[in-house]
Amino acid sequence: MATHEVGTVPNHGTGSGSRPDRFDRDGQDQLVDVHDLQAALPGIRRLRTWAHEALAPQPGEHAVDIGSGTGSEVMAFADLVGPTGDAVGVEPDPNLLTGAERRAQQAGSTARFVSGDAYGLPFGNDTFDIALCERVFQHLTAPARAAGEIARVLKPGGRVVVMDSDWGTAIVHPGDRHVVHEVIDTMIAGTTNPFAGRRLAGQLTKAGLVVDDIGSHALIQDGSVGAGALVARIADMAVARGSITERQREQLLIDLEDGARSGDIHLSVTIFAVLAHKPN
């Protein structure tokens, strides 16, 4: 799976920007703000569609979404596993948890939600047939521990899709190469686990799972918005850390605005998705 979609570079749809510690109290993410970065993009929806098709939930199966946020994927699982199955979301943010429960109730969904995090899933061993974990690992200081938890709660033969951004793939064009490099480096330095995407397959393998497929998707910011909120904010951070000057920041934003007007602009990051299973 290698697809491309126009949209705004997002963070995890569960809204981790408003609570930098929501997955990991030691994490110090500076990048993500749910108020100006949209997660419900066509590109993310395509990745989720791919994940559901790859996981192929069946009636009567047990499914879990780790970092379930708004609960949309849990409700989709609930529809597929039916009344004889079970679909549960794990979410540490109490506000998101309450909102997801309310939406499920209003929709008449059997989806249920529990408080918990990726480091300590509140379930016994060999509980689930399928698992999903979307854009959580980039917020973790110990992602290998989370991979181990996923392997623990999966039944033998159980399937999982883990997907996450890799900020080392970020592209900012146009702009002075040195300035762009420093801005991207600032972005990487401000993310707890910036290279999460490229490390997923290895971490799941070390946890005892077998990787079956790896996909990628370039999330491309709509060029009409120019630099956009993310790049502008990261450029401010680069000035604050002394990586670039205020004049260089201003010129970068001018270059990006000029690029937006002429059509010569590209801002993107790649998200990777790994399908794996637990051996019988």
Side-chain angles (χ1 to χ4, degrees), residues 4-13 15-24 26-44 135-141 143 164-199 216-272:
H4 301 77
E5 189 65 46
V6 174
T8 304
V9 177
N11 78 296
H12 183 32
S16 43
S18 58
R19 287 277 308 278
D21 64 343
R22 64 181 296 274
F23 292 115
D24 188 330
D26 295 326
Q28 296 297 320
D29 285 356
Q30 300 296 321
L31 302 180
V32 206
D33 187 339
V34 71
H35 300 297
D36 62 14
L37 295 177
Q38 301 302 311
L41 300 173
I44 294 299
R135 286 176 293 166
V136 170
F137 275 48
Q138 65 180 292
H139 303 291
L140 302 178
T141 57
D164 224 310
S165 306
D166 189 310
W167 293 99
T169 67
I171 297 173
V172 176
H173 169 82
D176 178 271
R177 290 181 62 185
H178 167 74
V179 174
V180 167
H181 172 80
E182 293 300 330
V183 168
I184 292 175
D185 188 63
T186 298
M187 182 183 298
I188 289 170
T191 304
T192 304
N193 183 23
F195 307 115
R198 72 187 67 179
R199 293 172 171 164
S216 66
H217 196 120
L219 299 173
I220 305 172
Q221 179 166 296
D222 184 348
S224 66
V225 303
L230 178 63
V231 173
R233 183 148 35 87
I234 300 306
D236 288 341
M237 292 167 54
V239 172
R241 75 195 293 236
S243 299
I244 62 174
T245 66
E246 178 64 30
R247 183 177 179 83
Q248 288 174 319
R249 182 196 72 85
E250 291 176 359
Q251 186 60 52
L252 174 63
L253 299 184
I254 290 171
D255 290 343
L256 290 169
E257 292 299 329
D258 289 345
R261 281 191 291 271
S262 68
D264 181 22
I265 187 170
H266 181 99
L267 298 98
S268 69
V269 67
T270 299
I271 186 169
F272 294 90

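Fair warning: this is a prediction, and the values are worked out from it, not measured in the lab.
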Problem - Heavy-atom pair of closest approach, residues R198 and F272 - result: N-CD1, 4.3 Å
Practice task
Hey, could you give me the OG/NE2 distance between S243 and H178, rounded to the nearest 0.5 Å?
Solution key: 8.0 Å
Handout entry: Under the salt bridge (charged side-chain N to carboxylate O under 4.0 Å, His left out) test, residues paired with D255 that sit two or more places apart
Key = none
Handout entry: Atom of G223, atom of A260 and distance for their closest heavy-atom approach
Key = O-CB, 3.1 Å
Exercise for the section: Just do the side-chain contact (heavy atoms from CB on, under 4.5 Å) check on E182 and Q248 with the steps written out, would you? Expected result: CA-CA 11 Å; E182 293 300 330; Q248 288 174 319; over 6 Å; no
Exercise for the section: Taking the side chain as every heavy atom from C-beta outward, state whether R135 and S165 have any pair of such atoms under 4.5 Å apart. Expected result: yes
Practice task
Indicate the atoms forming the closest heavy-atom contact of A189 with R241, along with that distance.
Solution key: CB-NH2, 3.7 Å
Practice task
Nearest 0.5 Å please: distance from the CD1 atom of I244 over to the CG atom of L252.
Solution key: 6.5 Å
Handout entry: Expected output: side-chain D164 to main-chain V136 donor-acceptor under 3.5 Å
Key = yes
Problem - Minimal non-hydrogen separation, T192 against Q138, with atom names - result: CB-O, 3.6 Å
Completion exercise
CD1 of I265 to CD1 of I171, rounded to nearest 0.5 Å, is 12.5 Å
Problem - Heavy-atom closest contact (N193 atom, F137 atom, distance) - result: ND2-O, 2.9 Å
Practice task
Sort out for me which residue in V172, V183, I188 forms a side chain to side chain contact (heavy atoms under 4.5 Å, CB included) with I234.
Solution key: V183
Problem - Salt-bridge criterion met for D258 and R261 (N-O under 4.0 Å) - result: yes
Problem - Sole candidate of L219, T270, I271, I184 that passes side chain to side chain contact (heavy atoms under 4.5 Å, CB included) when paired with T169 - result: T270
Practice task
Rounded to the nearest 0.5 Å, what's the gap from NE2 on H266 to CD1 on I220? Could you check?
Solution key: 5.0 Å
Practice task
Answer yes when R247 and E250 have at least one side-chain N-carboxylate O distance shorter than 4.0 Å, and no when they do not.
Solution key: no
Problem - Donor + acceptor pair across side chains of D264, H173 (<3.5 Å) - result: yes
Completion exercise
Distance col, row H181:NE2 vs R177:CZ, nearest 0.5 angstrom, shows 10.5 Å
Handout entry: Student check: side-chain heavy atoms of Q251 and D176 closer than 4.5 Å
Key = no
Practice task
Taking the side chain as every heavy atom from C-beta outward, state whether M187 and V269 have any atom pair closer than 4.5 Å.
Solution key: no
